[in-house]
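Structure record follows, encoded as structure tokens.
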Amino acid sequence: MKIASFNINGIKARIDALTDWLKEADVDVVVLQEIKSVDENFPRAHFEDMGYIVETHGQKSFNGVAILSKLPLEDVTRGLPNGAGMGRDGADDIEARYIEATVMGKDKALRICGLYLPNGNPVDLNADGTPVAGSKYDFKLKWMQRLHDRAAELFALEEPFLMAGDFNLIPQAEDAKRPDAWRKDALFRPESREMFRKLMGQGFTDALRVKNAADETYTFWDYQAGAFDRNDGIRIDHFLLCPQAADHLQDCQIDAYARAKAKPSDHVPIWVDLDL
DNA sequence: ATGGTGGGGTTCCCA
């Protein structure tokens with residue numbers, strides 16, 4: 001089973017690029033981030049005509065996630081749990097950043113969690129170094145705690161699951177061409193990385209690190225200043241596998257070629273092959 | 001220190 005993740009930066013602007021890549025990559029499932037569309041405006045029929053089941057969790061203008069699957073999906077849920085009072089303004093969190101579904105493999109089911117983790121910039125700190133309540137950085141860290149808690153629930157089931165998407169997180173210095181340029185950024189600050197280590201420490205495998213240990217392997221390059229041409233990138237899109245999924249890991253790669261095509265997203269797809 | 005680019009939806013927000 002080939003499963004991919006792709007932050008497309010707007011379905012309207014990326015429908016051709018996404019369609020071309022889907023034809024080339026031939027994935028069974030892809031989780032999408034930043035569809036930047038309400039559900040009603042997502043070009044559902046276009047992808048259904050290509051043989052995909054389409055499940056969206058959109059909102060106006062920003063964020064938005066989706067799952068396209070050639071295999072049957074069950075138990076689709078939208079939104080990260082425990083969002084009550086977790087919005088930036090103290091109201092409930094209504095940002096469309098998370099979707100889960102179960103896909104049937106040859107003989108085992110796999111729970112797939114597709115996520116678009118908050119960027120967290122600008123970093124706004126109190127005098128004592130703690131994040132300012134209600135700031136974007138505070139929202140990011142609290143969202144990561146909720147993600148951790150959801151992962152804990154899934155780990156307890158001891159069944160195959162994975163979390164994939166745009167984590168807006170650089171795990172290690174080796175995951176950036178210029179790590180020093182990111183030290184104060186929400187994507188690489190110590191608090192963000194500590195939360196990521198805590199998430200990983202529950203027993204996840206970073207699939208790319210296992211299957212592709214090459215240097216300078218990135219999933220995002222800024223549109224500005226010719227970043228892609230200089231490979232001035234960062235690795236922030238990840239596939240995290242629980243042990244019962246990692247047992248089936250055959251391959252994990254980044255389709256960096258997609259960034260060189262016409263009208264690309266600033267992210268490229270990453271995928272895993274599982275013998276499920 | 002600044003500005004560089006892009007998407008979405010309007011005259012500015014987000015990345």
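Throughout, a chain's letter reflects where its sequence line sits, starting with A, and its residues are numbered from 1. Source: prediction; values computed, not measured.
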Please collect all ring-ring contact (aromatic ring centres under 6.0 Å, His included) contacts where either partner lies in residues 22-51 of chain A, sequence neighbours excluded, each pair once.
A/Phe42-A/Phe47
For nucleotides B/dT11 and B/dG7, find the distance between their C1' atoms and express it as a whole number of Å.
16 Å
What string of B, S and - do you get for nucleotides 10-15 of chain B, 5' to 3', if B is base contact, S is sugar-phosphate-only contact and - is no contact with any protein heavy atom under 4.0 Å?
S--BSS
Could you tell me whether the side chains of A/Thr77 and A/Tyr98 share a donor-acceptor contact shorter than 3.5 Å?
no
Taking the basic N atoms (NZ, or NE/NH1/NH2) and the acidic carboxylate oxygens, is any pair closer than 4.0 Å for A/Arg178 and A/Asp232?
yes
Start with the C-alpha gap between A/Tyr223 and A/Asn9, add the side-chain angles, then the distance that decides, and say whether side-chain hydrogen bond (donor to acceptor under 3.5 Å, both in side chains) holds.
CA-CA 12 Å; A/Tyr223 283 119; A/Asn9 191 18; 3.3 Å; yes
Considering only the C1' atoms, how many Å lie between B/dC14 and B/dT10, rounded to the nearest integer?
14 Å
Determine the Euclidean distance between corresponding P atoms of B/dA15 and B/dG9; express it in Å to zero decimal places.
15 Å
Could you check whether the rings of A/Phe196 and A/His238 sit parallel, tilted or perpendicular, using 30° and 60° as the cut-offs?
tilted
Give a yes-or-no answer on whether the side chains of A/Asp237 and A/Thr219 include a donor-acceptor pair shorter than 3.5 Å.
yes
Do A/Arg146 and A/Asn82 get their side chains close enough for a donor-acceptor pair, meaning under 3.5 Å?
no
I need the residues from residues 10-25 of chain A with at least one non-hydrogen atom less than 4.0 Å from DNA chain B; give them sorted by number, or say none.
A/Gly10, A/Lys12, A/Ala13, A/Arg14
Donor-acceptor pair, side chain of A/Arg14 and main chain of A/Pro264, under 3.5 angstrom:
yes
